[in-house]
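Reviewing the structure listed below.
First the proteins, then the strands, lettered A, B, ... as listed; each starts at 1. Excluded from the calculations below are hydrogen atoms, water molecules and symmetry mates; all remaining heavy atoms, backbone and side chain alike, are included.
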2 protein chains.
Amino acid sequence: MRRVPAQIAARLPGAAELFADRGLEDTKVEDIASATGVPKATLYYYFAGKEEILAFLFQDALQQMADEVTMAVQAADSAATRLTAVVQAQLRVMADQPAVCRALVGNLGRAGRIPEIATAITEAYYTPVQHLLEEGVRDGSLRATEDPATTAMVLFGAVTMSALSYLATDRPLSAESLSPSILTVVLEGLLPPDSAPQES
Amino acid sequence: MRRVPAQIAARLPGAAELFADRGLEDTKVEDIASATGVPKATLYYYFAGKEEILAFLFQDALQQMADEVTMAVQAADSAATRLTAVVQAQLRVMADQPAVCRALVGNLGRAGRIPEIATAITEAYYTPVQHLLEEGVRDGSLRATEDPATTAMVLFGAVTMSALSYLATDRPLSAESLSPSILTVVLEGLLPPDSAPQES
DNA sequence: CACGGAGTTAGACTGTTAGTCTAGACTCGT
DNA sequence: ACGAGTCTAGACTAACAGTCTAACTCCGTG
(Lines give C-alpha, C1' and ligand atoms only; values in the text may rest on other atoms or scores of the structure.)
Protein backbone atom coordinates (compact mmCIF):
# COMPACT_ATOMS: atom_id res chain seq x y z
CA MET A 1 0.00 0.00 0.00
CA ARG A 2 1.52 3.35 -1.13
CA ARG A 3 1.52 6.26 1.26
CA VAL A 4 -1.94 7.74 0.85
CA PRO A 5 -1.96 11.55 0.44
CA ALA A 6 -4.10 13.47 2.89
CA GLN A 7 -6.34 14.81 0.16
CA ILE A 8 -7.40 11.30 -0.74
CA ALA A 9 -7.46 9.95 2.81
CA ALA A 10 -9.86 12.74 3.70
CA ARG A 11 -12.36 11.55 1.13
CA LEU A 12 -12.33 7.88 2.02
CA PRO A 13 -14.65 8.03 5.02
CA GLY A 14 -17.38 8.49 2.45
CA ALA A 15 -16.80 4.85 1.59
CA ALA A 16 -17.31 3.72 5.18
CA GLU A 17 -20.97 4.53 4.85
CA LEU A 18 -21.24 2.16 1.92
CA PHE A 19 -19.33 -0.64 3.64
CA ALA A 20 -21.45 -0.23 6.74
CA ASP A 21 -24.74 -0.21 4.88
CA ARG A 22 -24.17 -2.90 2.28
CA GLY A 23 -21.12 -4.78 3.43
CA LEU A 24 -17.89 -5.09 1.52
CA GLU A 25 -19.15 -7.66 -0.93
CA ASP A 26 -22.05 -5.60 -2.16
CA THR A 27 -20.01 -2.45 -2.49
CA LYS A 28 -18.61 -2.07 -6.00
CA VAL A 29 -15.31 -0.34 -6.47
CA GLU A 30 -17.12 1.95 -8.88
CA ASP A 31 -19.49 2.86 -6.06
CA ILE A 32 -16.57 3.77 -3.82
CA ALA A 33 -15.18 5.85 -6.65
CA SER A 34 -18.35 7.82 -7.15
CA ALA A 35 -19.09 8.16 -3.43
CA THR A 36 -15.64 9.54 -2.65
CA GLY A 37 -14.96 11.29 -5.93
CA VAL A 38 -11.68 9.38 -6.21
CA PRO A 39 -11.55 7.64 -9.59
CA LYS A 40 -11.30 3.88 -9.73
CA ALA A 41 -7.87 3.91 -11.35
CA THR A 42 -6.58 6.12 -8.57
CA LEU A 43 -8.00 3.84 -5.92
CA TYR A 44 -6.12 0.95 -7.48
CA TYR A 45 -3.04 3.14 -7.69
CA TYR A 46 -3.01 3.43 -3.89
CA PHE A 47 -4.72 0.28 -2.73
CA ALA A 48 -4.51 -3.33 -3.78
CA GLY A 49 -8.28 -3.62 -3.65
CA LYS A 50 -11.34 -2.68 -1.67
CA GLU A 51 -10.30 -4.84 1.24
CA GLU A 52 -7.25 -2.63 1.65
CA ILE A 53 -9.43 0.48 1.58
CA LEU A 54 -11.46 -1.00 4.39
CA ALA A 55 -8.29 -1.84 6.30
CA PHE A 56 -7.06 1.72 5.85
CA LEU A 57 -10.25 3.11 7.37
CA PHE A 58 -9.97 0.67 10.26
CA GLN A 59 -6.34 1.54 10.94
CA ASP A 60 -7.36 5.16 11.16
CA ALA A 61 -10.18 4.62 13.62
CA LEU A 62 -8.11 2.19 15.65
CA GLN A 63 -5.29 4.70 15.87
CA GLN A 64 -7.72 7.19 17.31
CA MET A 65 -8.93 4.52 19.72
CA ALA A 66 -5.37 3.67 20.70
CA ASP A 67 -4.64 7.34 21.38
CA GLU A 68 -7.72 7.83 23.51
CA VAL A 69 -7.25 4.60 25.41
CA THR A 70 -3.58 5.34 26.04
CA MET A 71 -4.45 8.74 27.37
CA ALA A 72 -7.08 7.27 29.68
CA VAL A 73 -4.74 4.57 30.91
CA GLN A 74 -1.93 6.98 31.69
CA ALA A 75 -3.93 9.33 33.87
CA ALA A 76 -2.93 9.75 37.50
CA ASP A 77 -6.09 8.25 38.99
CA SER A 78 -6.87 4.88 40.50
CA ALA A 79 -7.12 1.97 38.08
CA ALA A 80 -10.87 1.83 38.58
CA THR A 81 -11.28 5.46 37.60
CA ARG A 82 -9.02 5.01 34.61
CA LEU A 83 -10.99 1.96 33.53
CA THR A 84 -14.10 4.09 33.55
CA ALA A 85 -12.28 6.54 31.33
CA VAL A 86 -11.26 3.75 28.96
CA VAL A 87 -14.86 2.66 28.50
CA GLN A 88 -15.89 6.22 27.87
CA ALA A 89 -13.02 6.68 25.43
CA GLN A 90 -14.12 3.66 23.42
CA LEU A 91 -17.67 4.93 23.33
CA ARG A 92 -16.47 8.36 22.28
CA VAL A 93 -14.49 6.97 19.35
CA MET A 94 -17.42 4.84 18.27
CA ALA A 95 -19.79 7.78 18.50
CA ASP A 96 -17.32 9.85 16.54
CA GLN A 97 -16.96 7.50 13.60
CA PRO A 98 -20.24 5.67 13.46
CA ALA A 99 -19.91 4.50 9.88
CA VAL A 100 -16.40 3.12 10.25
CA CYS A 101 -17.36 1.38 13.47
CA ARG A 102 -20.42 -0.16 11.94
CA ALA A 103 -18.31 -1.32 9.05
CA LEU A 104 -15.68 -2.67 11.44
CA VAL A 105 -18.11 -4.65 13.51
CA GLY A 106 -20.06 -5.76 10.48
CA ASN A 107 -16.85 -7.12 9.08
CA LEU A 108 -15.34 -8.45 12.27
CA GLY A 109 -14.67 -11.75 10.61
CA ARG A 110 -12.82 -10.21 7.74
CA ALA A 111 -11.06 -7.77 10.05
CA GLY A 112 -9.88 -10.66 12.17
CA ARG A 113 -8.42 -12.22 9.06
CA ILE A 114 -6.36 -9.12 8.31
CA PRO A 115 -3.36 -9.56 10.61
CA GLU A 116 -2.61 -5.84 10.86
CA ILE A 117 -6.10 -5.17 12.12
CA ALA A 118 -6.06 -7.96 14.67
CA THR A 119 -2.73 -6.68 15.92
CA ALA A 120 -3.97 -3.11 16.01
CA ILE A 121 -6.99 -4.07 18.12
CA THR A 122 -4.80 -5.99 20.50
CA GLU A 123 -2.37 -3.13 20.87
CA ALA A 124 -4.98 -0.42 21.01
CA TYR A 125 -7.17 -2.15 23.52
CA TYR A 126 -6.55 -5.57 24.97
CA THR A 127 -2.99 -5.12 26.12
CA PRO A 128 -3.43 -1.75 27.82
CA VAL A 129 -6.69 -2.79 29.44
CA GLN A 130 -5.18 -6.02 30.64
CA HIS A 131 -2.33 -4.13 32.27
CA LEU A 132 -4.81 -1.72 33.79
CA LEU A 133 -6.74 -4.59 35.33
CA GLU A 134 -3.56 -5.95 36.84
CA GLU A 135 -2.64 -2.55 38.22
CA GLY A 136 -6.10 -2.31 39.71
CA VAL A 137 -5.49 -5.46 41.69
CA ARG A 138 -2.24 -4.01 42.94
CA ASP A 139 -3.65 -0.63 43.95
CA GLY A 140 -6.68 -2.32 45.43
CA SER A 141 -9.22 -0.46 43.32
CA LEU A 142 -10.27 -3.51 41.28
CA ARG A 143 -11.12 -7.08 42.08
CA ALA A 144 -8.69 -9.79 40.98
CA THR A 145 -10.04 -11.84 38.10
CA GLU A 146 -9.05 -15.32 37.09
CA ASP A 147 -7.87 -14.27 33.70
CA PRO A 148 -7.32 -10.59 32.93
CA ALA A 149 -7.11 -11.31 29.20
CA THR A 150 -10.62 -12.76 29.22
CA THR A 151 -11.85 -9.92 31.38
CA ALA A 152 -10.49 -7.40 28.90
CA MET A 153 -12.38 -9.25 26.18
CA VAL A 154 -15.56 -9.20 28.26
CA LEU A 155 -15.25 -5.46 28.64
CA PHE A 156 -14.57 -4.90 24.98
CA GLY A 157 -17.49 -7.07 24.01
CA ALA A 158 -19.85 -5.42 26.43
CA VAL A 159 -19.03 -1.94 25.21
CA THR A 160 -18.79 -2.80 21.53
CA MET A 161 -21.99 -4.77 21.31
CA SER A 162 -24.15 -2.30 23.16
CA ALA A 163 -22.72 0.62 21.22
CA LEU A 164 -23.25 -1.30 18.02
CA SER A 165 -26.87 -1.87 18.81
CA TYR A 166 -27.33 1.88 18.88
CA LEU A 167 -25.41 2.45 15.67
CA ALA A 168 -27.15 -0.38 13.86
CA THR A 169 -30.57 1.01 14.64
CA ASP A 170 -29.56 4.58 13.79
CA ARG A 171 -30.19 5.77 17.28
CA PRO A 172 -27.71 8.49 18.15
CA LEU A 173 -24.92 7.11 20.30
CA SER A 174 -23.61 9.33 23.04
CA ALA A 175 -20.90 8.20 25.41
CA GLU A 176 -22.57 10.10 28.24
CA SER A 177 -25.90 8.35 27.99
CA LEU A 178 -24.66 4.83 27.42
CA SER A 179 -21.64 4.58 29.67
CA PRO A 180 -23.50 4.60 33.01
CA SER A 181 -25.54 1.55 32.03
CA ILE A 182 -22.47 -0.35 30.97
CA LEU A 183 -20.30 0.74 33.86
CA THR A 184 -22.88 -0.18 36.45
CA VAL A 185 -22.86 -3.73 35.19
CA VAL A 186 -19.15 -4.24 34.80
CA LEU A 187 -18.07 -2.35 37.90
CA GLU A 188 -20.76 -3.20 40.41
CA GLY A 189 -22.21 -6.32 38.89
CA LEU A 190 -25.79 -7.42 38.52
CA LEU A 191 -26.17 -8.91 41.96
CA PRO A 192 -27.93 -6.60 44.40
CA PRO A 193 -25.68 -4.42 46.59
CA ASP A 194 -26.64 -6.13 49.82
CA SER A 195 -26.13 -9.72 48.73
CA ALA A 196 -23.10 -11.51 50.08
CA PRO A 197 -20.41 -12.12 47.46
CA GLN A 198 -20.93 -15.56 46.08
CA GLU A 199 -19.21 -18.12 43.90
CA SER A 200 -20.93 -18.92 40.63
CA MET B 1 -36.27 -21.16 -0.25
CA ARG B 2 -37.66 -24.69 -0.84
CA ARG B 3 -38.03 -27.03 2.11
CA VAL B 4 -34.56 -28.44 2.55
CA PRO B 5 -34.52 -32.24 2.98
CA ALA B 6 -32.73 -33.52 6.06
CA GLN B 7 -30.16 -35.36 3.99
CA ILE B 8 -28.95 -32.10 2.52
CA ALA B 9 -29.36 -30.03 5.67
CA ALA B 10 -27.12 -32.52 7.44
CA ARG B 11 -24.30 -31.85 5.04
CA LEU B 12 -24.43 -28.06 5.10
CA PRO B 13 -22.51 -27.54 8.33
CA GLY B 14 -19.48 -28.48 6.28
CA ALA B 15 -19.90 -25.13 4.59
CA ALA B 16 -19.85 -23.26 7.89
CA GLU B 17 -16.16 -24.07 8.21
CA LEU B 18 -15.51 -22.34 4.90
CA PHE B 19 -17.60 -19.30 5.74
CA ALA B 20 -15.87 -18.99 9.10
CA ASP B 21 -12.38 -19.35 7.70
CA ARG B 22 -12.61 -17.26 4.57
CA GLY B 23 -15.76 -15.25 4.88
CA LEU B 24 -18.71 -15.40 2.58
CA GLU B 25 -17.14 -13.41 -0.23
CA ASP B 26 -14.12 -15.62 -0.59
CA THR B 27 -16.11 -18.82 -0.50
CA LYS B 28 -17.02 -19.96 -3.99
CA VAL B 29 -20.25 -21.80 -4.51
CA GLU B 30 -18.16 -24.53 -6.11
CA ASP B 31 -16.20 -24.78 -2.87
CA ILE B 32 -19.39 -25.22 -0.91
CA ALA B 33 -20.42 -27.89 -3.37
CA SER B 34 -17.23 -29.87 -3.02
CA ALA B 35 -16.99 -29.38 0.76
CA THR B 36 -20.52 -30.61 1.35
CA GLY B 37 -20.80 -33.03 -1.53
CA VAL B 38 -23.98 -31.28 -2.65
CA PRO B 39 -23.67 -30.31 -6.32
CA LYS B 40 -23.82 -26.68 -7.27
CA ALA B 41 -26.99 -27.10 -9.31
CA THR B 42 -28.67 -28.71 -6.32
CA LEU B 43 -27.60 -25.88 -4.03
CA TYR B 44 -29.25 -23.42 -6.42
CA TYR B 45 -32.26 -25.70 -6.57
CA TYR B 46 -32.82 -25.20 -2.84
CA PHE B 47 -31.27 -21.82 -2.13
CA ALA B 48 -31.33 -18.52 -3.95
CA GLY B 49 -27.61 -18.10 -3.34
CA LYS B 50 -24.85 -18.54 -0.81
CA GLU B 51 -26.24 -15.83 1.41
CA GLU B 52 -29.32 -17.96 1.86
CA ILE B 53 -27.20 -20.97 2.74
CA LEU B 54 -25.52 -18.91 5.43
CA ALA B 55 -28.90 -17.74 6.71
CA PHE B 56 -30.09 -21.34 6.84
CA LEU B 57 -27.14 -22.33 9.02
CA PHE B 58 -27.75 -19.36 11.29
CA GLN B 59 -31.43 -20.13 11.72
CA ASP B 60 -30.47 -23.58 12.79
CA ALA B 61 -27.93 -22.51 15.40
CA LEU B 62 -30.18 -19.71 16.63
CA GLN B 63 -33.03 -22.16 17.07
CA GLN B 64 -30.80 -24.25 19.27
CA MET B 65 -29.84 -21.13 21.18
CA ALA B 66 -33.47 -20.12 21.59
CA ASP B 67 -34.30 -23.59 22.92
CA GLU B 68 -31.48 -23.61 25.45
CA VAL B 69 -32.11 -20.05 26.59
CA THR B 70 -35.83 -20.68 26.96
CA MET B 71 -35.14 -23.73 29.04
CA ALA B 72 -32.74 -21.81 31.28
CA VAL B 73 -35.17 -18.92 31.68
CA GLN B 74 -38.08 -21.16 32.62
CA ALA B 75 -36.35 -23.01 35.44
CA ALA B 76 -37.74 -22.68 38.95
CA ASP B 77 -34.72 -20.91 40.47
CA SER B 78 -34.08 -17.28 41.30
CA ALA B 79 -33.54 -14.93 38.40
CA ALA B 80 -29.85 -14.66 39.26
CA THR B 81 -29.39 -18.40 39.08
CA ARG B 82 -31.31 -18.58 35.82
CA LEU B 83 -29.20 -15.77 34.38
CA THR B 84 -26.14 -17.83 35.15
CA ALA B 85 -27.75 -20.70 33.29
CA VAL B 86 -28.47 -18.46 30.30
CA VAL B 87 -24.84 -17.44 30.02
CA GLN B 88 -23.78 -21.05 30.23
CA ALA B 89 -26.38 -22.01 27.65
CA GLN B 90 -25.04 -19.47 25.20
CA LEU B 91 -21.53 -20.69 25.76
CA ARG B 92 -22.65 -24.28 25.31
CA VAL B 93 -24.29 -23.56 21.97
CA MET B 94 -21.23 -21.67 20.79
CA ALA B 95 -18.92 -24.46 21.90
CA ASP B 96 -21.20 -26.92 20.17
CA GLN B 97 -21.20 -25.24 16.79
CA PRO B 98 -17.91 -23.43 16.66
CA ALA B 99 -17.83 -23.01 12.90
CA VAL B 100 -21.36 -21.69 12.57
CA CYS B 101 -20.81 -19.30 15.45
CA ARG B 102 -17.58 -18.00 14.02
CA ALA B 103 -19.34 -17.51 10.72
CA LEU B 104 -22.25 -15.83 12.46
CA VAL B 105 -20.16 -13.39 14.42
CA GLY B 106 -17.82 -12.82 11.50
CA ASN B 107 -20.82 -11.87 9.43
CA LEU B 108 -22.79 -9.99 12.03
CA GLY B 109 -23.06 -7.05 9.71
CA ARG B 110 -24.54 -9.14 6.98
CA ALA B 111 -26.75 -10.89 9.51
CA GLY B 112 -28.03 -7.50 10.56
CA ARG B 113 -29.04 -6.93 6.98
CA ILE B 114 -31.02 -10.16 6.88
CA PRO B 115 -34.12 -9.22 8.84
CA GLU B 116 -34.99 -12.80 9.77
CA ILE B 117 -31.65 -13.20 11.50
CA ALA B 118 -31.94 -9.96 13.43
CA THR B 119 -35.41 -10.98 14.52
CA ALA B 120 -34.24 -14.44 15.47
CA ILE B 121 -31.44 -13.08 17.67
CA THR B 122 -33.84 -10.72 19.37
CA GLU B 123 -36.36 -13.47 20.03
CA ALA B 124 -33.81 -16.06 21.02
CA TYR B 125 -31.88 -13.84 23.34
CA TYR B 126 -32.61 -10.20 24.00
CA THR B 127 -36.29 -10.44 24.81
CA PRO B 128 -36.05 -13.41 27.22
CA VAL B 129 -32.98 -12.01 28.95
CA GLN B 130 -34.56 -8.62 29.29
CA HIS B 131 -37.60 -10.16 30.95
CA LEU B 132 -35.33 -12.19 33.19
CA LEU B 133 -33.54 -9.05 34.32
CA GLU B 134 -36.86 -7.45 35.18
CA GLU B 135 -37.94 -10.52 37.11
CA GLY B 136 -34.66 -10.40 38.99
CA VAL B 137 -35.45 -6.93 40.22
CA ARG B 138 -38.85 -8.15 41.38
CA ASP B 139 -37.57 -11.23 43.20
CA GLY B 140 -34.69 -9.24 44.64
CA SER B 141 -31.96 -11.46 43.22
CA LEU B 142 -30.68 -8.87 40.74
CA ARG B 143 -29.87 -5.20 40.87
CA ALA B 144 -32.13 -2.79 39.01
CA THR B 145 -30.47 -1.34 35.93
CA GLU B 146 -31.32 1.86 34.14
CA ASP B 147 -32.13 0.12 30.92
CA PRO B 148 -32.63 -3.65 30.86
CA ALA B 149 -32.42 -3.69 27.05
CA THR B 150 -28.93 -2.24 27.15
CA THR B 151 -27.97 -4.58 29.96
CA ALA B 152 -29.07 -7.56 27.90
CA MET B 153 -26.88 -6.28 25.10
CA VAL B 154 -23.96 -5.87 27.46
CA LEU B 155 -24.36 -9.46 28.55
CA PHE B 156 -24.66 -10.77 25.04
CA GLY B 157 -21.62 -8.81 23.95
CA ALA B 158 -19.54 -9.92 26.91
CA VAL B 159 -20.27 -13.58 26.32
CA THR B 160 -20.12 -13.48 22.54
CA MET B 161 -16.89 -11.55 22.28
CA SER B 162 -14.96 -13.58 24.79
CA ALA B 163 -16.21 -16.85 23.35
CA LEU B 164 -15.34 -15.62 19.90
CA SER B 165 -11.80 -14.87 20.92
CA TYR B 166 -11.43 -18.51 21.85
CA LEU B 167 -12.99 -19.76 18.65
CA ALA B 168 -11.02 -17.35 16.46
CA THR B 169 -7.73 -18.52 17.89
CA ASP B 170 -8.67 -22.19 17.71
CA ARG B 171 -8.44 -22.63 21.42
CA PRO B 172 -11.02 -25.15 22.54
CA LEU B 173 -14.01 -23.40 24.05
CA SER B 174 -15.64 -25.01 27.03
CA ALA B 175 -18.56 -23.45 28.81
CA GLU B 176 -17.23 -24.69 32.13
CA SER B 177 -13.87 -23.00 31.89
CA LEU B 178 -15.00 -19.69 30.46
CA SER B 179 -18.23 -19.02 32.30
CA PRO B 180 -16.73 -18.32 35.73
CA SER B 181 -14.56 -15.51 34.36
CA ILE B 182 -17.49 -13.91 32.60
CA LEU B 183 -19.96 -14.42 35.43
CA THR B 184 -17.66 -12.94 38.03
CA VAL B 185 -17.52 -9.72 36.07
CA VAL B 186 -21.17 -9.37 35.21
CA LEU B 187 -22.57 -10.60 38.50
CA GLU B 188 -20.14 -9.24 41.05
CA GLY B 189 -18.50 -6.48 39.07
CA LEU B 190 -14.90 -5.42 38.91
CA LEU B 191 -14.87 -3.27 42.01
CA PRO B 192 -13.39 -5.05 45.01
CA PRO B 193 -15.88 -6.79 47.34
CA ASP B 194 -15.27 -4.48 50.26
CA SER B 195 -15.59 -1.16 48.45
CA ALA B 196 -18.75 0.85 49.05
CA PRO B 197 -21.09 0.95 46.07
CA GLN B 198 -20.30 4.07 44.09
CA GLU B 199 -21.66 6.14 41.28
CA SER B 200 -19.56 6.25 38.13
C1' DC C 1 12.95 26.79 -20.53
C1' DA C 2 13.56 21.82 -21.48
C1' DC C 3 13.66 17.49 -18.91
C1' DG C 4 12.32 13.71 -16.12
C1' DG C 5 9.93 11.65 -12.58
C1' DA C 6 5.94 11.08 -9.79
C1' DG C 7 1.00 11.54 -9.32
C1' DT C 8 -3.29 10.98 -11.59
C1' DT C 9 -6.78 9.49 -14.72
C1' DA C 10 -9.75 7.45 -18.71
C1' DG C 11 -10.87 3.64 -20.85
C1' DA C 12 -10.12 -0.79 -22.80
C1' DC C 13 -9.22 -5.34 -21.52
C1' DT C 14 -9.07 -10.13 -18.95
C1' DG C 15 -10.45 -13.57 -15.78
C1' DT C 16 -13.27 -15.25 -12.33
C1' DT C 17 -17.43 -16.45 -10.48
C1' DA C 18 -22.37 -15.86 -9.32
C1' DG C 19 -26.31 -17.21 -10.97
C1' DT C 20 -29.42 -19.10 -15.01
C1' DC C 21 -31.05 -22.41 -18.04
C1' DT C 22 -31.88 -26.77 -20.33
C1' DA C 23 -32.26 -31.31 -20.78
C1' DG C 24 -31.94 -35.53 -19.07
C1' DA C 25 -31.74 -39.07 -15.16
C1' DC C 26 -33.45 -41.02 -11.22
C1' DT C 27 -37.01 -41.64 -7.78
C1' DC C 28 -41.66 -43.06 -6.12
C1' DG C 29 -46.60 -43.21 -5.68
C1' DT C 30 -50.54 -44.85 -8.39
C1' DA D 1 -46.22 -47.85 -17.40
C1' DC D 2 -47.02 -42.94 -16.33
C1' DG D 3 -46.36 -38.52 -14.45
C1' DA D 4 -44.74 -35.45 -11.03
C1' DG D 5 -41.39 -34.06 -8.34
C1' DT D 6 -36.38 -34.33 -7.19
C1' DC D 7 -31.77 -34.00 -8.55
C1' DT D 8 -27.68 -33.11 -11.49
C1' DA D 9 -24.23 -32.11 -15.39
C1' DG D 10 -22.74 -28.84 -18.17
C1' DA D 11 -23.19 -24.94 -21.08
C1' DC D 12 -24.12 -20.25 -20.90
C1' DT D 13 -24.57 -15.07 -19.49
C1' DA D 14 -23.63 -11.05 -16.96
C1' DA D 15 -21.37 -8.56 -13.63
C1' DC D 16 -17.55 -7.17 -11.50
C1' DA D 17 -12.60 -7.18 -9.63
C1' DG D 18 -8.55 -6.14 -10.93
C1' DT D 19 -4.85 -5.11 -14.78
C1' DC D 20 -2.80 -2.48 -18.17
C1' DT D 21 -1.63 1.25 -21.20
C1' DA D 22 -1.19 5.59 -22.59
C1' DA D 23 -1.85 10.01 -21.81
C1' DC D 24 -1.89 14.37 -19.09
C1' DT D 25 -0.63 17.37 -15.13
C1' DC D 26 2.44 19.23 -11.96
C1' DC D 27 6.65 19.22 -9.84
C1' DG D 28 11.65 20.47 -8.89
C1' DT D 29 16.26 20.77 -11.23
C1' DG D 30 19.88 21.88 -14.39
Side-chain angles (χ1 to χ4, degrees), chain A residues 1-60 103 106-107 109-111 113-117, chain B residues 1-58 60 103 106-107 109-111 113-114 116-117:
Chain A
M1 197 197 306
R2 264 173 247 255
R3 210 191 53 73
V4 180
Q7 238 180 359
I8 292 190
R11 296 199 195 161
L12 290 179
E17 210 78 43
L18 297 178
F19 290 144
D21 287 343
R22 317 181 194 167
L24 187 65
E25 186 171 14
D26 294 339
T27 304
K28 287 170 249 177
V29 177
E30 303 278 12
D31 294 342
I32 302 174
S34 63
T36 59
V38 180
K40 180 177 135 167
T42 307
L43 290 173
Y44 277 107
Y45 180 74
Y46 286 109
F47 304 98
K50 49 184 174 172
E51 181 137 332
E52 220 172 67
I53 297 175
L54 191 68
F56 180 83
L57 288 167
F58 288 170
Q59 299 269 23
D60 209 66
N107 290 280
R110 185 179 314 277
R113 258 172 277 118
I114 304 173
E116 293 80 36
I117 300 298
Chain B
M1 198 195 310
R2 263 174 248 255
R3 210 191 52 74
V4 180
Q7 239 179 356
I8 291 190
R11 295 199 194 161
L12 290 180
E17 210 80 42
L18 298 178
F19 290 143
D21 287 342
R22 315 181 198 168
L24 186 65
E25 185 172 15
D26 294 338
T27 303
K28 287 169 249 178
V29 176
E30 301 280 12
D31 294 342
I32 302 174
S34 63
T36 58
V38 181
K40 178 178 137 168
T42 307
L43 290 173
Y44 278 107
Y45 180 72
Y46 286 110
F47 304 99
K50 47 184 175 172
E51 183 134 331
E52 217 172 69
I53 298 176
L54 192 68
F56 180 82
L57 288 167
F58 289 170
D60 209 65
N107 291 280
R110 189 179 315 277
R113 259 170 277 118
I114 305 174
E116 294 81 38
I117 301 297

[X] [atom1] to [N] [atom2]: how many Å, rounded?
| X | N | atom1 | atom2 | value |
| --- | --- | --- | --- | --- |
| B/Leu43 | C/dC21 | CG | P | 17 Å |
| B/Arg2 | D/dA4 | CZ | C1' | 13 Å |
| B/Tyr44 | C/dT17 | OH | P | 12 Å |
| A/Phe47 | D/dA17 | CZ | C1' | 16 Å |
| A/Leu54 | D/dA17 | CG | C1' | 16 Å |
| A/Gln7 | D/dT25 | CD | C1' | 13 Å |

Determine whether a donor-acceptor pair (N or O, by modelled atom type, separation under 3.5 Å) exists between the side chain of A/Thr36 and the backbone of A/Ile32. yes
Does B/Thr27 reach the main-chain N or O of B/Gly23 with its side chain, forming a donor-acceptor pair under 3.5 Å? yes
Measure all distances between protein nitrogen or oxygen atoms and nitrogen or oxygen atoms of nucleotides 8-12 of chain D, and list the pairs falling under 3.5 Å.
residue: D/dT8; atom: OP2; partner: B/Thr42; partner atom: OG1; Å: 2.4
residue: D/dT8; atom: O5'; partner: B/Thr42; partner atom: OG1; Å: 3.3

Can you check whether [X] reaches [Y] side chain to side chain, under 4.5 Å on heavy atoms?
| X | Y | value |
| --- | --- | --- |
| A/Phe47 | A/Leu12 | yes |
| B/Arg22 | B/Asp31 | yes |
| A/Lys28 | A/Leu18 | no |

Listing, residues 51-58 of chain A side-chain donor-acceptor contacts under 3.5 Å, not counting sequence neighbours, or none:
residue: A/Glu51; atom: OE1; partner: A/Arg110; partner atom: NH1; Å: 3.2
residue: A/Glu52; atom: OE1; partner: A/Ala48; partner atom: N; Å: 2.9

Closest non-hydrogen contact found for B/Ala10 with B/Pro13 is O-CD, 3.4 Å
So if I take residues 20-32 of chain B and measure heavy-atom distances to DNA chain C, which residues fall below 4.0 Å? B/Thr27, B/Lys28, B/Val29
Could you measure the distance from the NZ atom of A/Lys50 to the CG atom of A/Leu43? Nearest 0.5 Å is fine. 12.0 Å
